[in-house]
Amino acid sequence: MNESKRNKLVAAITVNVVILIAVLVAVVIYQIVDICVLTGRRNKLQAEIDDIQQKIESTQDTLEYYKSESYLLDKAFEFGYVFGDD
């Protein structure tokens, strides 16, 4: 193989390696950006889930109060019910 063919082959290989590295760097950058976006979305959804769970717990406490005898007694007094003397 003569000198000019070898130089052309080395130049072609070098260009291909540089292109491959550029593509790989672009893919890595895209993946990093995608991970950051998905992490932000996950954090936002986790915050919403925590908020909803807190509301569910609060509502559960209210439901337990509505089921209790104290609520019935409070409502009875609110509507003017008077218990007779025993």
Original post:
Is a side-chain donor-acceptor pair under 3.5 Å present for Asp50 with Gln54?
Top reply: no

Original post:
Is the shortest heavy-atom distance from the side chain of Gln60 to the side chain of Leu63 under 4.5 Å?
Top reply: yes

**OP:** Indicate, with yes or no, if Leu73 and Tyr81 share a hydrophobic cluster defined by side-chain heavy-atom contacts under 4.5 Å among Ile, Leu, Val, Met, Phe, Trp and Tyr.
**Re:** yes

**OP:** To the nearest 0.5 Å, tell me how far Ile35 CD1 sits from Arg42 CZ.
**Re:** 11.0 Å

Original post:
Do other residues, nucleotides or ligands put more than 12 heavy atoms under 6.0 Å from Glu69 CD?
Top reply: no

**OP:** State whether the side chain of Asn16 and the backbone N or O of Ala12 hold a donor-acceptor pair below 3.5 Å, judged by distance alone.
**Re:** yes

Original post:
Which distance, rounded to the nearest 0.5 Å, do you find between the CD1 of Ile56 and the CD of Gln53?
Top reply: 6.5 Å

**OP:** Nearest 0.5 Å please: distance from the OG1 atom of Thr59 over to the CD1 atom of Ile52.
**Re:** 11.0 Å

Subject >> Atom pair CG (Asp61) and CD (Glu64), whose distance is rounded to the nearest 0.5 Å >> reply: 7.5 Å

Subject >> Asp51 and Lys55, any side-chain heavy atoms less than 4.5 Å apart >> reply: yes

Original post:
If two hydrophobic side chains count as joined below 4.5 Å and joins carry through other members, does Val15 share a cluster with Val17?
Top reply: no

**OP:** Give the cluster check for Ile29 versus Ile21: same hydrophobic cluster or not, with ILVMFWY residues linked at side-chain heavy-atom distances below 4.5 Å.
**Re:** yes

Subject >> Heavy atoms of other groups near Tyr66 OH, more than 12 under 6.0 Å >> reply: no

**OP:** Nearest 0.5 Å please: distance from the CD1 atom of Ile19 over to the CG atom of Leu24.
**Re:** 12.0 Å

